[in-house]
Participant: 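Here it is: the structure, laid out below.
Quick caveat: nothing in here was measured; it's all calculated off a predicted structure. Just so we're on the same page: letters track the sequence lines, and every chain starts at 1.
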Number of protein chains: 2
Amino acid sequence: MGTMTFDKTSSAGYLANHMARLFAQGLHARIKAYGLSPAQFMTLLELWDEDGLTQKQLIERLDVEQATMANTLARMERDNLVRRLPHPDDGRVRRVWLTETARVLREPATRAAFAQNRHALSGLTDDERRTLIALMTRVVNTMRKRDTTPSSPD
Amino acid sequence: MGTMTFDKTSSAGYLANHMARLFAQGLHARIKAYGLSPAQFMTLLELWDEDGLTQKQLIERLDVEQATMANTLARMERDNLVRRLPHPDDGRVRRVWLTETARVLREPATRAAFAQNRHALSGLTDDERRTLIALMTRVVNTMRKRDTTPSSPD
DNA sequence: ACCGCTTGAATAGCGGACTATACAATACTA
DNA sequence: TAGTATTGTATAGTCCGCTATTCAAGCGGT
């Protein structure tokens, strides 16, 4: 069989990686003045919506591994963005509570994230933006259902 | 002004991050048997196309920072995927050469990456796939031109 | 009441992204 | 040609993903 060519400019996976790195860099540039990093912002989005969540709940809502969240929360506690207090009814659980510092950052940080999205999509029409979001959502949903397909035999 | 709400399910940045993580996990699962990681695979794609590139050339083609590539290449050399040999005409440069090990992996690894893309896009029609690729490409191009827009004043 | 299973969280270790810095080799320029 | 600027890599340090492991607390069945 012929030479295996792989054009990265037309690979969804390559483009997804590249796009995500650019989004993260752009967001980071916009929120670092508030002392936030992208993963911390993502976590705060959930806590701004509902304070006092458990690590387990955050993991489910953000679809990251437990260890990833544990480390992110440790950094956030170090930076005085959250406090983790023991759950009164279950000694295994430490619920995560926003500090006043983090509460105040909601508006400016959210603005910054909107601005980054707006910039990134500035070359697209409204219709195209909706289409992109819808297609990405479907791709995410496809991959979230655990893939059972084995890679083709050589 | 009202409460700042940010719906992550309709945020392009959030979706990009989520999608890229899922792509990376899927690709990694498919190529780890060959001793490859996603960043190593990405680097090999360039070297399979043209052997003996410099670190600088790899950086430009893959749009990652110089330090990122230096570390990736160090791991690849450690794992016997590449060798870095001094450039005869310029003592600063070390050109990167594929080992036989890496050369042999081209076909199976490329197959695995195709399979991951196919799986991820399996819920989309051909038209939708083309649309997604085209839109992501445009978004990447928008963000690659350095953003000068300041975040809106508070 | 006990023993074992399950569950929530922490830790160790690694890859890969970033910024900032350092350094040696080359190129330029007065 | 000497002195300076630029260029190509390497290194240090941090954040954020991941897997694997550990540990304590709760739960269940006998």
Participant: Along nucleotides 5-18 of chain C, 5' to 3', which nucleotides get a B, which get an S, and which get a -, given that the test is a protein heavy-atom distance under 4.0 Å?
Facilitator: --BSBBBB--SBBB

Participant: What residues form a salt bridge (Lys or Arg N to Asp or Glu O under 4.0 Å) with B/Arg103, not counting sequence neighbours?
Facilitator: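 B/Arg103 satisfies salt bridge (Lys or Arg N to Asp or Glu O under 4.0 Å) with B/Asp51, B/Glu100 once adjacent residues are dropped.
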
Participant: Along DNA chain D, 5' to 3', what are the outermost nucleotides having an atom less than 4.0 Å from a heavy atom of chain B?
Facilitator: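 Using the under 4.0 Å cut-off, the span is D/dT7 to D/dC18.
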
Participant: Which residue pairs pass the ring-ring contact (aromatic ring centres under 6.0 Å, His included) test with at least one member in residues 50-83 of chain A, sequence neighbours excluded?
Facilitator: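 As it turns out, there is no ring-ring contact (aromatic ring centres under 6.0 Å, His included) pair with a partner in residues 50-83 of chain A once direct neighbours are skipped.
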
Participant: Can you list the residues that meet the salt bridge (Lys or Arg N to Asp or Glu O under 4.0 Å) rule with B/Asp63, with sequence neighbours excluded?
Facilitator: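 Only B/Arg144 meet the salt bridge (Lys or Arg N to Asp or Glu O under 4.0 Å) criterion with B/Asp63.
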
Participant: Suppose clustering is done on Ile, Leu, Val, Met, Phe, Trp and Tyr with side-chain heavy atoms closer than 4.5 Å. Which residues sit in the same group as B/Val93?
Facilitator: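 Answer for B/Val93: none, a lone residue.
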
Participant: Going by salt bridge (Lys or Arg N to Asp or Glu O under 4.0 Å), name the residues that satisfy it together with A/Asp49, two or more places apart in sequence or in a different chain.
Facilitator: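 Testing A/Asp49 for salt bridge (Lys or Arg N to Asp or Glu O under 4.0 Å), a comparison that skips the adjacent residues, returns none.
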
Participant: Who are the salt bridge (Lys or Arg N to Asp or Glu O under 4.0 Å) partners of B/Lys56, not counting sequence neighbours?
Facilitator: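 For B/Lys56 the salt bridge (Lys or Arg N to Asp or Glu O under 4.0 Å) partners, ignoring immediate neighbours, are B/Glu60.
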
Participant: Applying ring-ring contact (aromatic ring centres under 6.0 Å, His included), name anything that partners B/Phe114, two or more places apart in sequence or on another chain.
Facilitator: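 B/Phe114 satisfies ring-ring contact (aromatic ring centres under 6.0 Å, His included) with A/Phe6 only.
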
